[in-house]
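Report on one structure; see the data block that follows.
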Amino acid sequence: MMKESDDLSVLSIASEVDSKSARIGWLEKHAELIKKLEAEYQFTPDTNKSSTDERYFGFTIGNLNMLLSASLSSEILEDSLIYPVPLSPNWLLGACNHRGDIVPVIDFEQIISGEKSVIEAGKYKTLVLDKDENAIGIQLSKLPSPINFKKKERLKNFSKLPKIVQPFVTHAYKKGGKIWVCIDFPFFIESFTN
């Protein structure tokens with residue numbers, strides 16, 4: 001004799017089987033669409049692009065357009081609290097907690113131009129560059145976005161860049177009338193902390 005609880009378990013198993021069958025049927029019916037979506041979201045080299053294309057992530061601090069190499073470890077923190085550090089230089093905004101590590105957060109715009117950056121509270125993101133004891137945070141008002149350059153857009157003369165960053169420039173590009181610069185962040189930050 002079946003109990004009421006057995007009836008419920010049989011019904012739940014039957015509905016689960018129907019649900020799985022429905023999912024499998026849907027998956028089979030839309031297999032072509034799924035393949036297209038999977039292909040779209042996987043990075044594959046574009047054969048139409050020149051092999052000389054170089055990919056970066058670009059962001060702007062003050063009047064300087066910066067580039068992040070894909071090889072540099074970086075992460076965006078959305079809602080990180082920045083704690084002030086007493087008796088610190090003006091360009092050090094404070095420190096934040098990143099995966100248990102204390103990360104100094106700098107005002108990159110103030111280092112470059114001498115003027116304190118003005119980003120409304122709650123409207124900034126913290127870009128953490130590098131990792132572990134080498135990690136450094138930079139406040140951004142907008143997220144970095146992907147940008148590609150051709151080798152022919154690479155600049156050889158860095159004299160139009162702020163003097164303070166010139167010794168640390170690894171390479172720069174000119175695209176659409178704007179100069180984009182990639183600097184050696186760890187070396188740059190080390191020059192201020194020593």
Side-chain angles (χ1 to χ4, degrees), residues 41 43 53-149 153-155 157-194:
Y41 285 98
F43 176 74
D53 279 8
E54 297 180 11
R55 290 184 79 157
Y56 295 93
F57 290 95
F59 59 95
T60 302
I61 296 179
N63 294 325
L64 191 61
N65 300 307
M66 306 289 296
L67 294 173
L68 278 180
S69 171
S71 64
L72 181 64
S73 174
S74 62
E75 186 175 345
I76 295 286
L77 305 180
E78 290 284 337
D79 298 318
S80 62
L81 290 174
I82 298 174
Y83 300 95
V85 177
L87 305 173
S88 61
N90 291 339
W91 51 265
L92 182 63
L93 296 171
C96 70
N97 180 353
H98 179 249
R99 302 176 195 263
D101 290 325
I102 296 173
V103 176
V105 180
I106 63 168
D107 185 344
F108 198 79
E109 186 174 352
Q110 186 171 6
I111 292 172
I112 294 169
S113 67
E115 296 178 17
K116 196 162 184 66
S117 64
V118 181
I119 302 175
E120 288 181 49
K123 299 231 176 171
Y124 65 85
K125 316 285 186 245
T126 303
L127 172 64
V128 177
L129 301 170
D130 220 337
K131 54 188 170 186
D132 301 325
E133 67 275 353
N134 296 324
I136 192 85
I138 298 174
Q139 277 193 332
L140 300 178
S141 57
K142 291 183 181 174
L143 293 173
S145 56
I147 187 168
N148 294 334
F149 296 97
E153 294 172 313
R154 195 178 265 217
L155 297 174
N157 183 350
F158 306 143
S159 62
K160 292 188 179 181
L161 298 171
K163 289 192 185 302
I164 197 161
V165 298
Q166 288 178 16
F168 308 100
V169 174
T170 57
H171 44 280
Y173 298 89
K174 188 167 186 176
K175 185 174 199 160
K178 291 182 177 180
I179 294 177
W180 293 87
V181 62
C182 192
I183 67 169
D184 183 337
F185 279 103
F187 187 42
F188 180 75
I189 298 307
E190 190 178 309
S191 72
F192 282 90
T193 56
N194 290 337

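For the single chain, residues carry numbers from 1 onward in sequence order.
The shortest distance between side-chain heavy atoms of Leu161 and Leu64 falls below 4.5 Å. Side-chain contact between Pro144 and Ile76 is present, with heavy atoms from C-beta onward closer than 4.5 Å. Here the side chains of Lys125 and Leu77 are not in contact, with every heavy-atom distance at 4.5 Å or above. Ile183 is listed as a side-chain neighbour of Met66, based on a closest heavy-atom distance under 4.5 Å.
For Ile102, the CD1 atom counts as loosely surrounded, since its 6.0 Å shell holds 12 or fewer non-hydrogen atoms of other residues, nucleotides or ligands. For Lys174, the NZ atom sits in a loose shell: 12 or fewer heavy atoms of surrounding residues, nucleotides or ligands are nearer than 6.0 Å. Atom CZ of Phe57 sits in a sparse spot, with 12 or fewer heavy atoms from other residues, nucleotides or ligands closer than 6.0 Å. Other residues, nucleotides and ligands contribute at most 12 non-hydrogen atoms within 6.0 Å of the CZ atom of Arg99.
Separation of atoms CG (Leu92) and CD1 (Ile106) is listed at 8.5 Å; rounding is to 0.5 Å. We find the CG-OG1 distance between Leu140 and Thr60 to be 9.5 Å, quoted to the nearest 0.5 Å. Leu155 contributes atom CG, which lies 9.5 Å from atom CZ of Phe149 (distance to the nearest 0.5 angstrom). The line from OG of Ser191 to CD1 of Ile164 is 7.5 Å long, rounded to the nearest 0.5 Å.
Applying the ring-ring contact (aromatic ring centres under 6.0 Å, His included) rule to Phe168 yields the partners Phe187, Phe188; only residues at least two apart in sequence or on another chain are considered. In terms of the ring-ring contact (aromatic ring centres under 6.0 Å, His included) criterion, residue partners of Tyr56 (sequence neighbours excluded) are, by chain and number, His171, Tyr173. Applying the side chain to side chain donor-acceptor pair (under 3.5 Å) test to Ser145 and every residue at least two apart in sequence or in another chain returns nothing.
Looking at Thr170, its side chain does come within 3.5 Å of a backbone N or O of Cys182 through a donor-acceptor pair. Side-chain atoms of Asn157 come within 3.5 Å of backbone atoms of Ser159 as a donor-acceptor pair (strictly under, hydrogens ignored).
Contact record, Val105 with Ile138: CG1-N, 4.4 Å, taken as the closest heavy-atom pair. Across all their heavy atoms, Leu93 and Ile82 have their closest contact at O-CG2, 3.8 Å. For the pair Lys175 and Trp180, the tightest heavy-atom approach, listed with the atom from each and the gap, is O-NE1, 4.2 Å. Heavy-atom minimum distance, Ser74 versus Leu68: OG-CD1, 4.0 Å. Between Gly58 and Ile147 the shortest heavy-atom distance is N-CG2, 3.9 Å. Across Ile179 and Lys160, no two heavy atoms sit closer than the pair CD1-CB, 4.3 Å.
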